[in-house]
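First up is the structure itself, then whatever we jot down about it.
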Protein chains: 2
Amino acid sequence: MLETEPVPERRRGSGVKMVYDQLRDEILDLVLLPGSLIDEVQLAERFGMSRTPIREALVRLSSEGLVETLPNRSTMVANIDFLNLHTFFDALTLMYRVTTRLAAQHHRPEDLVILRDHQRRYADAVGAQDALAMISTNRAFHAAIAEAGRNPYYTSLFLRLLDDGRRLLRLYYQSFSDQLPREYVDEHEAIISAIEAHDIPLCDRLAAKHADQIVHQIQRFLARDQRQQIQL
Amino acid sequence: MLETEPVPERRRGSGVKMVYDQLRDEILDLVLLPGSLIDEVQLAERFGMSRTPIREALVRLSSEGLVETLPNRSTMVANIDFLNLHTFFDALTLMYRVTTRLAAQHHRPEDLVILRDHQRRYADAVGAQDALAMISTNRAFHAAIAEAGRNPYYTSLFLRLLDDGRRLLRLYYQSFSDQLPREYVDEHEAIISAIEAHDIPLCDRLAAKHADQIVHQIQRFLARDQRQQIQL
DNA sequence: TACAGTTTTGTTGTCGACAAATAAAATGCA
DNA sequence: TGCATTTTATTTGTCGACAACAAAACTGTA
């Protein structure tokens with residue numbers, strides 16, 4: 001009597017969160033391509049559970065704008081809006097500045113330890129030429145700055161922007177993984193020092209410069225091969 | 001044959017949205033008090049539908065921070081965080097400034113028509129001493145400015161802030177509905193003119209002043225009767 | 001062949017029911 | 001009586017099933 005149990009007997013309330021986290025990662029990592037349709041029963045079979053928890057996860061993703069749900073029709077992975085990218089860059093730059101300024105004001109000693117930890121991991125990723133690790137560690141670094149700023153409103157918007165950017169960065173790094181991120185390591189170091197020194201104007205300048213670097217780099221990439229963006 | 005139909009035969013996909021909108025309004029209008037527990041089957045009976053759509057509405061409200069859901073236990077109306085109000089005021093002020101500046105840059109002629117329409121309704125509400133109408137029309141006015149700024153990232157954060165503030169304003173206006181909002185009418189007029197003139201620095205100054213007025217007024221109120229805030 | 005109307009197919013939105021998990025009540029023991 | 005333990009009860013998380021809706025496939029007619 002072979003009682004195969006492919007689903008490893010998950011705990012009660014963990015279903016939605018598991019599906020949510022998994023789908024979210026796959027969307028942001030472009031495993032699920034923008035515009036592709038999502039079938040609930042297919043997901044239900046894949047995760048070995050009913051459609052109900054799948055649906056709740058999709059509702060959550062929908063309210064965060066990661067999927068668009070057409071009434072009585074399939075839900076769809078949200079498209080990347082290449083036409084209004086300037087609004088994204090604008091908001092991203094402002095949030096870089098605001099969160100870094102606030103970190104200079106409100107950080108505590110333990111925040112610096114965390115920051116340096118993330119920075120070290122980022123430097124390792126750059127040294128190892130590991131594009132995926134660069135993306136995630138860079139994100140963690142700036143998310144930690146936002147946390148140190150201690151304003152949840154800014155933090156949540158910033159995280160959303162970083163996630164939206166994560167999809168762009170996936171396009172970016174998969175096309176050419178060059179050595180430019182080396183500059184970012186130094187800039188990160190300077191930002192940490194400015195935060196530690198409570199130098200708010202310097203934090204503002206450094207964050208703005210850092211943001212401009214990233215924005216211009218992405219824009220250069222987009223201008224370079226426009227075919228790819230039209231294709232999506 | 002008496003076929004009573006208390007539930008008016010709603011359309012198919014409208015269930016969740018109806019429950020979501022209704023609960024959201026009741027939470028923001030303090031009909032559902034912060035910290036109060038929400039029973040799903042009770043809501044299901046009240047809305048005349050199954051628990052499934054109620055649940056999806058609650059998930060959505062949860063992801064927007066309006067309710068907090070304890071695992072395997074009741075979900076709860078989110079508390080008002082009186083301790084960290086300064087983060088709220090800070091973000092609100094910045095968003096006032098940013099959205100108004102962007103409206104000066106990117107507005108179109110039809111936006112001004114909409115703005116003047118909201119402004120007229122706000123003036124009417126002030127004239128009629130209708131506190132609830134003041135809250136909603138003021139919100140609509142500033143939301144329209146954000147829309148005219150055409151940056152969905154800022155708009156969504158701003159709307160969230162305005163909604164969080166709506167609960168505070170409910171506390172505020174229900175304790176003393178005075179004639180102070182009269183000043184706001186004039187300030188709104190000045191903001192409209194500055195937007196129309198594309199005067200970005202003036203928009204920034206006016207928005208900052210406007211925000212400070214509101215913030216200080218709420219802070220005065222909170223300092224005046226602290227008993228009420230502790231009670232909640 | 002082109003097109004309007006009809007049928008079929010596939011997918012979603014909703015339902016009622018059951019089981020797990022927690023809180024409350026009841027019981028037993030010192 | 002006070003406390004630990006068991007039992008009950010309530011509420012959630014999940015499931016399988018069915019009906020409604022939209023798109024695709026099909027049919028008949030000009």
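Residue numbering restarts at 1 for every chain, and letters A, B, ... go by the order of the sequence lines.
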### Query
Is the backbone N or O of B:H118 less than 3.5 Å from a side-chain atom of B:R120, with the two atoms forming a donor-acceptor pair by type?
no

### Query
In terms of the nearest nucleotide of DNA chain C, which residue is placed more toward the 5' end: A:T75 or A:R12?
A:T75

### Query
Closest nucleotide of DNA chain D for A:P53 versus for B:E40: which of these residues is on the 5' side?
B:E40

### Query
Between atom CG in A:N72 and atom C1' in C:dT14, what is the gap in whole Å?
11 Å

### Task
Using atom CE of B:M76 as one end and atom P of C:dA23 as the other, report the distance to the nearest whole Å.
14 Å

### Query
Nearest heavy-atom pair of A:T137 and A:A125: which atoms, and what distance?
OG1-CB, 4.1 Å

### Message
Using a 6.0 Å cut-off, check whether atom CD of A:Q42 has over 12 heavy atoms from anything other than its own residue.
### Response
no

## Note on the structure
Among D:dT12, D:dT14, C:dT12, the one nearest any side-chain atom of A:V16 is D:dT14

#### Entry: Touch class at under 4.0 angstrom, heavy-atom based, for B:I38 against every strand present
sugar-phosphate

### Task
Please assess B:Y184 against B:Y122 for the test ring-ring contact (aromatic ring centres under 6.0 Å, His included), listing each intermediate value before the final yes or no.
CA-CA 9 Å; B:Y184 296 157; B:Y122 179 67; 7.2 Å; no

### Query
How long is the line joining CZ of A:F47 and P of D:dC15, in whole Å?
13 Å

### Query
According to a strict under-4.0 Å criterion, is A:R73 in side-chain N/O contact with OP1 or OP2 of D:dC21?
no

### Message
Please report the distance, rounded to the nearest Å, between CD in B:E45 and P in C:dG16.
### Response
11 Å

### Query
Touch check for B:T52, heavy atoms < 4.0 angstrom, all strands: base, sugar-phosphate only, or nothing?
base

### Query
If only side-chain N and O atoms of B:S74 are considered, is one of them under 4.0 Å from the OP1 or OP2 phosphate oxygen of D:dT12?
yes

### Query
Closest heavy-atom contact between A:L115 and A:F141?
CD2-O, 3.6 Å

#### Entry: Side chain of A:R51 (C-beta onward), nearest among D:dA22, D:dA17, D:dT11
D:dA17

#### Entry: Length of the line joining A:D39:CG and D:dA23:P, which is rounded to integer Å
16 Å

### Task
Give the nucleotide from the list C:dT14, D:dC15, D:dT11 with an atom nearest to the side chain of A:M49.
D:dC15

### Query
Once you round it to whole Å, what is the distance between C1' of D:dT12 and CD of B:E56?
16 Å

### Task
Give the rounded distance in Å between these two atoms: CG of B:L37 and C1' of D:dT10.
13 Å

### Query
Nearest of D:dT14, C:dA20, C:dG16 to any side-chain atom of B:S50?
C:dG16

### Distance in angstrom units between A:L43 CG and D:dC15 C1', rounded
17 Å

